[in-house]
Engineer: 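Have a look at this one.
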Amino acid sequence: MRSSGHSSRPNMALRHALRLAAAVGRRGCCSQHPLPPGLLQALRSVAGDPNVSVAEAVRQQHGHDESMHRCAPPDAVVWPQDVEQLQEMVALCHRHRVPMVPFGTGTGLEGGVNAVQGGVCFDLSHMATISELSVEDFSVAVEPGVTRKALNAHLRGTGLWFPVDPGADASLCGMAATGASGTNAVRYGTMRPNVLNLRVVLSDGSLLHTAGPGRSARYGVMEWGHRPGRPAPAHFSLHRKSAAGYDLTSLFVGSEGTLGFLTQATLRLHPLPEAVVSAACTFPSVRDAVGCTVQVLQAAVPVARIELLDEVMAGACSRYSRLELPEVAMLFLELHGSQRGLAEQQQQAEELVQLHGGSVLSWAQAPEERERLWAARHSAWFAALALRPGCQGYSTDVCVPISRLPDIVVETQRDLRDSNLTGPMVGHVGDGNFHCILVFRADDPEEAQRVHDFTERLGRRALAAGGTCTGEHGVGLGKRVLLREERGAVGLAAMRRIKDALDPLHLMNPGKVL
């Protein structure tokens, strides 16, 4: 379900982006400027007529994600079928000085796919190859059209899985581009440590393997990169660690398409746990639930997931998913391990829950019971929207040090009440990351302004606590001002130098992050 893309509510970050674009003489939002003569025909000659579109409906579809930012459609949409086609089309756009925007599944939450300067949108969903699966090396390579559910279905029967789970069935390369994480991050990490290598098409069409392409059987030599027209060398770099040079892989993870297009990601796989149990735990207050989370981590209980639902969200999820949960602060937690080890972990977790005035409703070990519980958690967005039918939603995202988490969550709840906003809270509290799903009337400018003001205060509250303005959604359009406050003038200047070096014409997803 997409949020409406045509509201007239205030959006200061987007307006600033448009003013900036106009000031430097580039295309503005919803640009109808014609593309350079001959470019469309050249793109069609590479990808074929069916894979190039200027239809308004297609452009509108590719001009927004799941965020609250106003639709900004590209001037054309292309569907490359493989990396060689993509390289050729990127080189064409570079030659004509045309902006380029990547598009995966459109599930982003900060306007990362909005074409605020027009140009060409590259829909990478047709590049969907899964290759180089190595059970012994715990690795696999995926192209942008592969989603996390599709990968785990492909891995069935191998004893391995890819655990990073942001909720949406997102493109894995898109998840790498935004530095996504999700419910399993407390145990298995975010995308950053789970990406071993990236194949990136740079702004001029050249190809880069961030950890090196390995030794190609075809060429018999190490290849740093190559130009369009030559087949890509094999993508064999599977080493688990390296001290060789700069960490280019980490540079591109979280770059949001502003440095290059991620066309293949080599991912770290994990063994499937022998046994899994889940539980829903109730608490007298959100502070008690968060306090319990802190102690669970301090006690080194090896939780795989530990998710917070405040009272409003618990009630909303209960009604939406028909779970009959009490409308109180809750933790959903999950333990992974051996059958013998889980018994001890369950006992330890229960003792810590009771220490904070809580109780474990039940332990679920059968897959069907566990899936029902986590389906309710993953449906939190729709459950929140059901609180005010016909309204729009916006999901915030901040991350703070675990030690500050109880105070920050309670202060945020108070701010929601004082602002008279509907914003049920949910969070991956095991790593200090939480969200408010703000539900508001898009046609009410006064309420929309209160939402905007609240999100700014929340971001600055996280920064004041030593946290970050985004733990997993990315910067996109909406958090560029907060990024400047978080990283400072020197940090932003360093990022701009990197951008200038890799994309000197500023054609790659312009108007985002910086």
Side-chain angles (χ1 to χ4, degrees), residues 167 183 278-296 303 305-334 349-350 352-362 364 372-389 391 393-400 402 404-440 447 450-451 454-455 457-458 461-462:
T183 57
S278 301
C281 311
T282 62
F283 293 87
S285 69
V286 165
R287 182 180 287 278
D288 291 314
V290 177
C292 178
T293 301
V294 173
Q295 284 214 325
V296 165
V303 288
R305 310 190 207 192
I306 184 162
E307 296 286 300
L308 170 72
L309 290 76
D310 73 357
E311 299 89 345
V312 179
M313 183 60 82
C317 286
S318 177
R319 288 187 293 275
Y320 185 82
S321 299
R322 301 178 182 177
L323 283 184
E324 299 181 0
L325 298 173
E327 198 161 333
V328 297
M330 301 193 74
L331 289 178
F332 287 3
L333 59 86
E334 185 166 280
E350 282 201 47
L352 291 171
V353 167
Q354 292 167 4
L355 186 64
H356 288 267
S359 62
V360 177
L361 294 182
S362 63
R372 191 163 175 242
L373 183 67
W374 291 108
R377 165 61 185 90
H378 285 317
S379 297
W381 169 262
F382 303 105
L385 292 180
L387 293 171
R388 296 182 67 185
C391 288
Y394 173 64
S395 179
T396 66
D397 163 44
V398 296
C399 189
V400 299
I402 298 292
R404 296 299 312 278
L405 189 60
D407 290 336
I408 297 298
V409 168
V410 171
E411 288 172 22
T412 301
Q413 277 197 313
R414 186 182 306 119
D415 194 357
L416 283 166
R417 289 193 297 269
D418 293 345
S419 303
N420 193 27
L421 291 172
T422 302
M425 192 179 299
V426 64
H428 321 306
V429 287
D431 49 19
N433 188 199
F434 70 94
H435 315 280
C436 299
I437 301 179
L438 298 156
V439 187
F440 63 100
E447 185 176 17
R450 279 188 282 124
V451 167
F454 169 82
T455 58
R457 287 194 303 274
L458 177 59
R461 185 178 301 124

Engineer: Donor-acceptor pairs under 3.5 Å, side chain of residues 288-295 to any protein atom, not counting sequence neighbours: which ones?
Structural biologist:
residue: D288; atom: OD2; partner: S285; partner atom: N; Å: 3.4
residue: D288; atom: OD2; partner: S285; partner atom: OG; Å: 2.8
residue: T293; atom: OG1; partner: A289; partner atom: O; Å: 3.1
residue: Q295; atom: OE1; partner: H356; partner atom: NE2; Å: 3.1

Engineer: Kindly compute the distance separating OG (S419) from CG (L458), expressed to the nearest 0.5 Å.
Structural biologist: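 Taking OG in S419 and CG in L458, the distance rounds to 10.5 Å.
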Engineer: State, with a plain yes or no, whether a side-chain heavy atom of W381 is found less than 4.5 Å away from one of V426.
Structural biologist: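 No, too far: nothing below the 4.5 Å cut-off.
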Engineer: Only counting residues at least two apart or in another chain, list the ones meeting side chain to side chain contact (heavy atoms under 4.5 Å, CB included) with S359.
Structural biologist: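 Checked S359 against side chain to side chain contact (heavy atoms under 4.5 Å, CB included); matches are T282.
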Engineer: In chain order, what residues pass the side-chain hydrogen bond (donor to acceptor under 3.5 Å, both in side chains) check against R404, with sequence neighbours excluded?
Structural biologist: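 Scan of R404 (side-chain hydrogen bond (donor to acceptor under 3.5 Å, both in side chains), adjacent residues dropped) gives none.
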Engineer: For residues 322-333, which side-chain donor-acceptor pairs fall under 3.5 Å, sequence neighbours excluded?
Structural biologist:
residue: E327; atom: OE1; partner: R319; partner atom: NH1; Å: 3.3

Engineer: Does any part of the side chain of S379, heavy atoms only, come nearer than 4.5 Å to the side chain of Y320, both counted from C-beta?
Structural biologist: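 Side chain of Y320 against side chain of S379, heavy atoms only: contact under 4.5 Å found.
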Engineer: Is the shortest side-chain heavy-atom distance between L309 and C317 below 4.5 Å?
Structural biologist: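 Result yes, sub-4.5 Å side-chain heavy-atom pair found.
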Engineer: Closest approach of G432 and L405, non-hydrogen atoms and distance?
Structural biologist: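 Nearest heavy atoms, G432 then L405: O-CD1, 4.0 Å.
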Engineer: Over all heavy atoms of both residues, which pair between L387 and A316 is shortest? Give the atoms and the distance, please.
Structural biologist: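 Nearest heavy atoms, L387 then A316: CD2-CB, 3.9 Å.
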Engineer: Identify the heavy atoms of C436 and F454 that sit nearest to each other, and give their distance.
Structural biologist: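 So the minimum-distance heavy-atom pair works out to SG-CZ, 4.0 Å.
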Engineer: Can you name the closest pair of heavy atoms from R450 and L421 and give their distance?
Structural biologist: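 For R450 and L421, the tightest heavy-atom pair comes out as NH1-CD2, 3.6 Å.
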Engineer: Indicate the atoms forming the closest heavy-atom contact of C391 with L385, along with that distance.
Structural biologist: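 Looks like O-CD2, 4.1 Å.
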Engineer: Using the ring pair (Phe, Tyr, Trp, His ring centres under 6.0 Å) criterion, which residues pair with H428? Sequence neighbours excluded.
Structural biologist: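 Scan of H428 (ring pair (Phe, Tyr, Trp, His ring centres under 6.0 Å), adjacent residues dropped) gives H435.
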Engineer: Could you go through the side chain to side chain contact (heavy atoms under 4.5 Å, CB included) check for M425 and V312 one step at a time?
Structural biologist: CA-CA 7 Å; M425 192 179 299; V312 179; over 6 Å; no
Engineer: Residues in side-chain hydrogen bond (donor to acceptor under 3.5 Å, both in side chains) with E334, at least two apart?
Structural biologist: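 S278, R305, H336, W374.
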Engineer: Quick test of your reading: applying salt bridge (Lys or Arg N to Asp or Glu O under 4.0 Å), list the pairs with at least one residue in residues 409-422, sequence neighbours left out, ordered by first then second residue.
Structural biologist: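 Output for this query lists E411-R461, D415-R457, D415-R461.
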Engineer: Which residues pass the side-chain hydrogen bond (donor to acceptor under 3.5 Å, both in side chains) test with D397, sequence neighbours left out?
Structural biologist: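 Checked D397 against side-chain hydrogen bond (donor to acceptor under 3.5 Å, both in side chains); matches are N433, T470.
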Engineer: How would you list, by chain and number, every residue that makes a side chain to side chain contact (heavy atoms under 4.5 Å, CB included) with A384, sequence neighbours excluded?
Structural biologist: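 Side chain to side chain contact (heavy atoms under 4.5 Å, CB included) list for A384, sorted by chain: M313, P424, I437, V439.
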Engineer: Suppose the criterion is salt bridge (Lys or Arg N to Asp or Glu O under 4.0 Å): which pairs have a residue in residues 378-387, not counting sequence neighbours?
Structural biologist: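 Pairs touching residues 378-387 that pass the test: none.
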Engineer: As an exercise, state the distance from CG of D310 to CG of L308, rounded to the nearest 0.5 Å.
Structural biologist: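 It comes to 6.5 Å.
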Engineer: For residues 373-389, pull every pair meeting salt bridge (Lys or Arg N to Asp or Glu O under 4.0 Å), keeping only residues two or more places apart or in separate chains.
Structural biologist: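 Residue pairs passing salt bridge (Lys or Arg N to Asp or Glu O under 4.0 Å), neighbours aside: E307-R377, R388-E447.
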Engineer: Please examine the side chains of D407 and R287, heavy atoms only from C-beta on, and report whether any two atoms are closer than 4.5 Å.
Structural biologist: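 Heavy-atom side-chain distance check passes, below 4.5 Å.
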Engineer: So F434 and C399, do their side chains get closer than 4.5 Å, heavy atoms only?
Structural biologist: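 With C-beta onward as the side chain, the pair stays apart.
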Engineer: Kindly write out the residues that satisfy side-chain hydrogen bond (donor to acceptor under 3.5 Å, both in side chains) with E350, not counting sequence neighbours, or none if the list is empty.
Structural biologist: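 side-chain hydrogen bond (donor to acceptor under 3.5 Å, both in side chains) list for E350, sorted by chain: W363.
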